[in-house]
Amino acid sequence: MTTLVSILIPALNEEANVRRAYDRVLAVFDELDGYEPEIIFTDNHSDDDTFLILSEIAQNDPNVRVIRFSKNVGYQASVLTGYRAARGACAIQLDCDLQDPPELIPQMLDLWKQGHQVVYGVRRSLPDGRITAFARRFFYALIDRISEDNLPRNAGEFRLTDRRILDELKRVDDRSPYVRGLISGMGFSQIGFTYDRQARLEGETKFPFRAMLSLAIDGLINHSLLPLRLASFISLFVGLGTFLLMMFYIIAKLVFGQDWPAGFATTTVLLLLSMTLNAMFLGILGEYIGRIFIQSKNLHRPLIETQLNAPDDEGGSTASPPQAPSKSTLSDAAE
């Protein structure tokens, strides 16, 4: 009997990498006995030929499933949808740019067979620049420090998750998920292994500084109440300082008869300080309230535009996938 393993590969404008990723995953499983891959590509509404290439692959290989969203729903929502669609005894998340080598899959499966429900890769080295690498490691250390969950440091998205955790992820209904935190926070037996992350071969990174900052904010807010507590502590400290300063002025005036000059500068500084603190704390509260609003209104739910080779129980068609139009075809039609 063979064990079905789901390989989850999110893609956004990766026309230069999707076929290479597919071929390398197949090459790995050709050398593995007793395992069969189910490769799930989640296309985040690419506007290049990514979906066309995936359609051709899915037409020739029924073990390849393609989920295309109606719009760009974000990396984390795309990944969570892939986890929820996985049917294997375990699932392995793999970036389409192949910076995480598929050749490490056998090692991950061996650790899984030893009884670990989560097997994650710990990045020993990064191909990024010094500033980006430092920012990544600092964030991992910070979120592990302040979070109530045990979040592994220097661990990215390259991981294996057991069926038990996949079933739990199906119950998650989060509009701003932080998937690695969700999995780490579930507990069970989790183990890491070190590896060297490779450089991207083709295409441009889909994680510029702005995207990394957004991911960091999601991680901090989803897994820690520290920002709210920090706001409370700072406001308490500033309030105490203001009260002591007020008492000092009153005592100096009434007891010592101090004739204070016009306090324009002091009043202005205190007003600006209070306005700055109020704006900062309202911003922190707004982040949390905004997420509550999105969740309660059921906004930004990932909508699936097309599924290729979807199982019958998901309402998709298992017939040959339609041919997606390429950019050149669309250009000719417009003319």
Side-chain angles (χ1 to χ4, degrees), residues 3-11 21 24-25 28-29 32 35 37-42 74-127 136-137 139-141 143-144 147 149-172 174 177-198 206-207 212 215-216 218-219 222-223:
T3 301
L4 182 65
V5 178
S6 299
I7 307 296
L8 313 178
I9 307 179
R24 284 181 60 176
V25 169
V28 169
F29 278 91
L32 282 174
Y35 294 100
E38 172 198 46
I39 307 177
I40 303 176
F41 287 94
T42 51
Y75 180 78
Q76 294 294 315
S78 170
V79 167
L80 182 58
T81 301
Y83 275 109
R84 294 168 63 120
R87 297 181 299 159
C90 65
I92 298 176
Q93 183 180 341
L94 183 70
D95 282 345
C96 194
D97 57 16
L98 297 175
Q99 290 187 274
D100 303 320
E103 289 73 21
L104 295 176
I105 290 178
Q107 180 181 351
M108 303 173 77
L109 291 172
D110 288 340
L111 292 172
W112 174 58
K113 282 296 185 180
Q114 295 175 18
H116 302 289
Q117 279 78 24
V118 178
V119 180
Y120 56 87
V122 178
R123 299 165 177 175
R124 181 168 45 206
S125 62
L126 294 169
R136 287 180 183 272
R137 298 189 185 280
F139 167 71
Y140 292 142
I143 194 172
D144 178 49
S147 175
D149 300 322
N150 183 21
L151 303 180
R153 300 190 180 188
N154 302 325
E157 311 297 340
F158 190 32
R159 70 171 53 82
L160 176 149
T161 53
D162 184 72
R163 179 77 253 170
R164 178 72 173 84
I165 293 180
L166 294 177
D167 292 337
E168 293 296 329
L169 288 175
K170 285 186 175 182
R171 304 178 184 179
V172 174
D174 193 342
Y178 182 63
V179 178
R180 72 178 76 165
L182 283 173
I183 295 175
S184 298
M186 289 184 183
F188 298 101
S189 176
Q190 306 195 16
I191 189 172
F193 66 95
T194 57
Y195 74 105
D196 295 312
R197 201 159 196 252
Q198 308 298 314
K206 305 307 182 295
F207 263 87
M212 292 173 58
L215 178 63
D218 284 340
N222 284 11
H223 291 275

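Below, all heavy atoms of this structure are taken into account, side chains as well, without hydrogens, waters or symmetry copies. Remember, predicted model here, so these are calculated numbers, not experimental data.
Taken to the nearest 0.5 Å, the CG atom of L182 stands 6.5 Å off from the CG atom of L169. Here CD of E168 is found 8.5 Å from CD1 of I165. Values are rounded to the nearest 0.5 Å. Here OG1 of T161 is found 10.5 Å from CD of Q117. Values are rounded to the nearest 0.5 Å. Remark: L94 CG to L160 CG distance equals 12.0 Å, nearest 0.5 Å. Between D196 atom CG and R123 atom CZ the span is 12.0 Å, to the nearest 0.5 Å. The CG atom of L32 lies 8.0 Å from the CD1 atom of I105; values are rounded to the nearest 0.5 Å.
Of the possible donor and acceptor atoms, none in the side chain of Q93 sits under 3.5 Å from a partner among the backbone N and O of Y83. In this structure a side-chain-to-backbone donor-acceptor pair under 3.5 Å is present from S6 to G88. Between the side chain of S78 and the backbone N or O of G74, no donor-acceptor pair lies under 3.5 Å. Checked by atom type and distance alone, the side chain of R84 pairs as donor or acceptor with a backbone atom of V172 at under 3.5 Å. The closest donor-acceptor contact from the side chain of Q76 to the backbone of V179 lies under 3.5 Å.
Applying the side-chain hydrogen bond (donor to acceptor under 3.5 Å, both in side chains) test between D167 and each of R171, R163, R164, K170 identifies R163 as the sole match.
No donor-acceptor contact under 3.5 angstrom links the side chains of Y195 and Q107, judged on distance only.
In this structure, F193 and F158 have perpendicular ring planes: the angle between them is above 60°, well past the 30° mark.
Pairing each heavy atom of G192 with each of V122, the nearest pair is CA-CG2, 4.3 Å.
In this view, Y120 satisfies the side-chain hydrogen bond (donor to acceptor under 3.5 Å, both in side chains) rule with no residue, not counting sequence neighbours.
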